[in-house]
*Asks:* 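This is the structure I have questions about; it appears just below.
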Amino acid sequence: MMKYDFAQVEKKWQDIWERDNTFAATDDYTKPKFYPLVEFPYPSGQGLHVGHPRSYTALDIVARKRRMQGYNVLYTMGWDAFGLPTENFAIKNHIHPEIVTKNNVANFKHQLKSLGLSFDWTREINTTDPDYYRWTQWIFLQLFKHGLAYKKEMSVNWCTSCKCVLANEEVVNGVCERCGGEVVHKVKNQWMLGITQYAQRLIDDLDSVDYIERVKTSQINWIGRSTGAEIDFATTAGDVLTVFSTRPDTLYGATYMVIAPEHPYVEKWAGQITNLEEVHAYQQEAARKSDFERAEMNKEKTGVRIAGVNGINPVTGGEIPIFISDYVLMTYGTGAIMAVPGHDERDWEFAKKFDLPIIEVVAGGNVAEAAFTDCDTGILVNSGILNGLSVEEAKQKMIQWLAENGKGREKVNYKLRDWVFSRQRYWGEPIPIIHCPHCGMVAVPEEQLPLRLPEVESYEPTDNGESPLAAIEDWVNTPCPVCGAPAKRETDTMPQWAGSSWYYLRYCDPHNNKELASKEALDYWAPVDWYNGGMEHTTLHLLYSRFWHKFLYDIGVVSTPEPYAKRTSHGMILGENGEKMSKSRGNVVNPDDIVKEYGADTLRLYEMFIGDFEKSATWNASAIKGCKRFLDRLWNLMEIAAEGEGYSAGLESSFHKTVKKVTEDIEAMKFNTAIAAMMTLLNEIYDAGSITTGEFKTLLLLANPFAPHLTEEVWEQMGFAGQISGQTWPGYDPAKCVDSTVEIVVQIAGKIKARLQVPADIAAPEAIALAKADPAVAELIAGKQIVKEIYVPGKLVNIVCKG
RNA sequence: GCCGCUGUGGUGAAAUCGGCAGACACACGGGACUUAAAAUCCCGAGGUAGCAAUACCGUACGGGUUCAAGUCCCGUCAGCGGCACCA
């Protein structure tokens with residue numbers, strides 16, 4: 001018997017699959033479809049990481065199995081290739097980002113092909129391809145036309161190191177998610193996308209999709225819906241200061257107010273404020289602080305009283321002071337609050353520091369010691385019309401009172417903010433807008449798309465915060481498409497999240513040059529049936545693409561309100577030391593090395609066997625050998641396989657059970673136990689010492705999604721008809737998955753005392769009688785009173801005695 | 001601080017509904033083959049005591065429910081992830 005030469009065999013089959021387009025999806029829209037999706041990678045210079053194949057192999061297994069079950073499967077790959085690392089590499093090495101991208105893609109593609117993934121490579125896409133980003137720009141223009149893309153002067157997160165604006169989602173712990181650089185606030189004119197208009201639908205429609213629970217929870221928390229009321233406070237300046245509160249029931253306990261440092265009323269009240277200098281000084285100090293500093297210093301409350309203007313509590317009529325403090329954010333609610341120190345921890349802290357009165361309006365705690373925030377048990381006191389009510393009742397009554405008296409209204413707020421969409425960088429999709437002195441902002445006519453990136457001398461971002469595109473005069477200057485007057489192009493580009501917000505739609509019809517995809521293709525393939533990806537994309541990519549999809553649904557481009565029917569997530573693969581793999585920690589495992597030493601099938605099998613797919617797993621170089629051994633033993637079955645379609649050596653029910661287990665486990669993402677079941681069966685076959693060719697075929701079919709190269713080769717060498725990837729997935733007979741006799745245990749008061757072989761369908765009285773007849777059991781129960789007898793079918797008999 | 005998840009041998013982990021804890025592997029020990037090693041094959045193994053049959057203990061910790069708890073309930077501790085002055 002020839003030893004299994006994985007290198008030669010894997011190359012052979014990869015070439016055949018490529019030559020024959022074996023895994024291409026067909027455009028036969030009458031067949032049942034299955035659309036699995038994995039997140040397309042950013043083709044970095046470092047190449048593939050062993051984390052990538054975990055997700056890709058998992059859905060490859062599902063895809064291969066579903067193809068064998070008769071589905072038309074669309075499983076494909078592409079490149080999310082715009083982005084900063086490529087641009088930075090280009091700057092440093094003076095190579096065009098397009099060339100860098102091309103090289104990286106070639107490398108990634110070569111690596112992926114060596115893993116035997118059954119992608120339909122005829123549908124490969126690249127977000128930096130003008131034929132692709134043409135449609136990214138087209139979607140942007142539709143958003144613009146519907147008022148969902150707009151420009152706004154606002155305070156944005158500015159990474160001092162990348163010299164670029166960041167979305168809120170890209171700021172982590174006050175620093176830049178990508179480079180760890182300091183993030184400061186900068187007031188800039190930015191493109192924004194109105195994702196907040198979709199906030200409620202993004203929450204509600206989670207009920208209609210099959211996402212793992214933690215993804216749903218994270219998205220709901222991120223969107224951060226709060227219900228409460230807006231309340232209008234008259235001020236002694238003669239105007240009205242509106243606040244948002246989730247606790248309108250505590251209005252009688254509002255003893256002061258606070259506005260955010262950026263609140264416009266400071267300027268409005270400038271004439272009345274008697275300590276304006278002090279207030280301005282505080283504003284400047286707050287503006288200077290970075291997010292990181294604000295987060296660091298959040299233990300200690302700071303603030304300045306606005307002297308000369310007071311608020312008037314609408315229910316008590318009493319005058320209360322107004323403060324300016326950075327614990328109130330301009331970006332949430334109205335940028336102003338009513339402070340109820342008795343029942344809000346932050347207000348309590350602030351009141352203590354500034355020696356402000358604390359009034360108890362909800363009984364149940366001790367407001368001298370701490371804020372009492374329990375909404376379930378508290379009863380309203382010192383609150384006029386609300387006295388004696390529960391918190392919930394009081395909220396309703398107060399909202400009603402406010403509405404009736406014109407002092408406020410019910411209100412829902414979201415933490416989610418509109419998406420800061422512009423970047424001042426080169427390597428992104430140009431925003432297709434022209435600024436005309438007469439017509440204002442004008443869309444580039446759709447027939448002129450794609451608006452291509454111009455050639456530039458330098459990709460270096462500028463210190464004044466302008467994109468490198470701003471320096472290309474002959475590109476920037478262009479006539480207005482409406483009036484023909486000299487006008488200027490928008491020079492900001494889109495963030496990396498743009499291209500990835502709709503790529504799954506392009507796979508459906510990737511070569512269409514008339515629309516982003518044909519309606520027929522979209523109606524057939526969408527939504528994605530199963531999307532697997534990392535948890536890190538939950539509040540970024542996943543939320544953004546749901547938003548874009550809903551918009552495309554609203555304008556009739558797609559026919560489903562959600563892009564992904566099902567979302568699952570894989571755990572990270574950690575280095576051998578249990579830490580996250582990184583160059584600096586020196587614990588990175590390169591998949592190429594594993595493929596070279598053990599072969600792709602072994603790598604695939606190992607990554608699926610490593611543990612619970614959803615949990616993070618620690619790489620273990622020696623554990624790979626077990627998977628290699630399994631494949632070698634599978635290969636060596638060729639030596640003992642004997643002609644015959646039936647079952648040999650009493651393995652029939654084992655085969656049926658294994659087919660059932662593997663079939664079900666693949667769909668449940670329990671790849672590790674599916675593999676264990678095949679290992680068990682293989683051990684049984686070797687124990688039996690023989691296998692028929694019929695049995696061998698079944699085992700090869702089960703193993704094929706996991707180890708496609710080896711199983712193809714064995715199939716061929718055994719002379720079985722056709723290629724294994726074109727065969728039908730094996731079925732099983734549920735009746736044959738159960739044994740005719742089973743071993744049950746006999747317990748006395750829960751402790752095992754005997755084991756019996758009984759018919760599987762034995763009735764309870766017979767089973768108990770048999771148990772009592774067992775000599776060991778009989779001796780133990782002799783002369784005792786039996787209190788209880790339990791029979792669990794196929795499992796055990798438990799006898800409970802007294803005395 | 002809030003929300004979510006997790007805690008099982010030397011290691012990675014299994015264990016539909018509450019029903020034989022540790023499947024399947026790795027590493028380890030012993031043996032076979034070999035001049036030798038690798039590879040391969042066979043055997044062993046949760047802990048304690050015992051030559052053994054066997055007994056007792058055992059799923060982070062403390063309680064509870066149950067004939068029966070890794071699984072359910074209450075409390076505690078530890079770790080991981082997310083959010084974090086969002087009124």
Side-chain angles (χ1 to χ4, degrees), chain A residues 3 172-174 212-222 224-226 228 243-248 250 254 257-258 260 294-295 297-301 325-329 331-340 343-347 349-350 373 413-417 535-536 538-539 571-572 605-606 609-612 614-630 632-633 636 664 668 670 672-683 686 743-752 755 786-801:
Chain A
K3 200 168 164 260
V172 174
N173 296 329
I212 53 169
E213 215 45 48
R214 55 194 173 127
V215 169
K216 285 191 186 184
T217 314
S218 296
Q219 290 210 343
I220 290 168
N221 290 345
W222 185 263
R225 182 182 203 266
S226 301
V243 303
F244 172 72
S245 174
T246 54
R247 294 292 304 276
T250 61
M257 302 177 80
V258 187
R294 279 203 187 187
M297 315 213 294
N298 71 15
K299 286 139 211 148
E300 189 74 356
K301 297 271 181 293
S325 171
D326 67 4
Y327 87 90
V328 171
L329 309 174
T331 46
Y332 184 76
T334 62
I337 62 158
M338 66 177 203
V340 185
H343 306 285
D344 181 281
E345 281 167 30
R346 297 149 300 183
D347 298 346
E349 240 177 84
F350 191 88
T373 57
N413 264 320
Y414 302 91
K415 285 193 235 178
L416 184 71
R417 306 195 195 145
M535 279 306 287
E536 70 274 20
T538 303
T539 54
M572 238 192 304
L605 201 67
Y606 172 64
F609 190 60
I610 195 167
D612 186 330
E614 293 196 57
K615 290 197 198 129
S616 60
T618 305
W619 189 263
N620 181 341
S622 61
I624 300 168
K625 289 181 194 147
C627 294
K628 176 84 168 78
R629 269 180 212 141
F630 169 72
D632 285 340
R633 278 156 62 81
N636 291 337
E664 291 172 356
K670 291 163 77 173
N672 52 341
T673 51
I675 293 165
M678 291 189 283
M679 287 173 166
T680 305
L681 180 60
L682 187 65
N683 290 342
Y686 273 104
E743 187 188 72
I744 61 167
V745 297
V746 182
Q747 299 179 332
I748 307 285
K751 295 210 183 269
I752 297 162
R755 289 165 190 280
I786 292 169
V787 180
K788 204 162 192 175
E789 294 168 335
I790 295 133
Y791 174 60
V792 182
K795 304 263 188 201
L796 55 76
V797 170
N798 191 9
I799 300 169
V800 185
C801 303

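By convention in this document, chain letters (A, B, ...) are assigned in the order of the sequence lines, proteins followed by strands, and residues within each chain are numbered from 1. Side chains are part of it too, since the values below use all heavy atoms of this structure and drop only hydrogens, waters and symmetry mates.
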*Asks:* Both A:Ser218 and A:Thr334 contact RNA chain B. Taking the nearest nucleotide for each, which residue is further toward the 5' end?
*Replies:*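 Nearest nucleotide further toward 5': that of A:Ser218.
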*Asks:* For nucleotides 5-19 of chain B, just jot down a letter per nucleotide in 5' to 3' order: B, S or -, based on protein non-hydrogen atoms under 4.0 Å.
*Replies:* -------BSSS---B
*Asks:* Quick one: is A:Thr217 getting a side-chain N or O under 4.0 Å of the B:G82 phosphate, OP1 or OP2?
*Replies:*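 Indeed not, no polar side-chain atom of A:Thr217 lies that close.
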*Asks:* For B:A87, does OP1 or OP2 lie under 4.0 Å from any side-chain N or O of A:Tyr327?
*Replies:*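 So the side-chain polar atoms of A:Tyr327 never come under 4.0 Å of the phosphate oxygens OP1 or OP2 of B:A87.
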*Asks:* Just the dot-bracket of RNA chain B, please: which string comes out with Watson-Crick or G-U pairs under 3.5 Å, [ ] for crossing, | for another strand?
*Replies:* (((((((..(((......[....))).(((((.......))))).((((....))))..(((((..]....))))))))))))....
*Asks:* What's the closest nucleotide to the side chain of A:Lys301 if the choices are B:A87, B:A21, B:C85?
*Replies:*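 Of the candidates, B:C85 comes closest.
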*Asks:* Can you check each nucleotide of nucleotides 40-45 of chain B against protein heavy atoms at under 4.0 Å and return B for base, S for sugar-phosphate only, - for none, in 5' to 3' order?
*Replies:* SS----
*Asks:* Return the orientation label for the A:Trp619 and A:Tyr606 ring planes: parallel under 30°, perpendicular over 60°, tilted otherwise.
*Replies:*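 A:Trp619 and A:Tyr606: perpendicular rings.
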*Asks:* Base, sugar-phosphate, or nothing: which does A:Ser325 touch, judged by heavy atoms less than 4.0 Å apart?
*Replies:*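 If one applies the 4.0 Å heavy-atom cut-off, A:Ser325 turns out to touch nothing in the nucleic acid.
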*Asks:* Which part of the nucleic acid, if any, lies within contact of A:Ala676, taking any heavy atom under 4.0 Å across all strands shown: a base, the sugar-phosphate backbone alone, or nothing?
*Replies:*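 Base, at least one base atom sits under 4.0 Å.
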*Asks:* Report the nucleotide, chosen from B:C24, B:C67, B:C26, that has the shortest atom-to-atom distance to any side-chain atom of A:Ala623.
*Replies:*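 Among the listed nucleotides, the one closest to the side chain of A:Ala623 is B:C26.
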*Asks:* Would you tell me whether A:Asn620 and A:Ser622 have side-chain atoms, one donor and one acceptor, within less than 3.5 Å of each other?
*Replies:*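 Yes - a donor-acceptor pair under 3.5 Å links their side chains.
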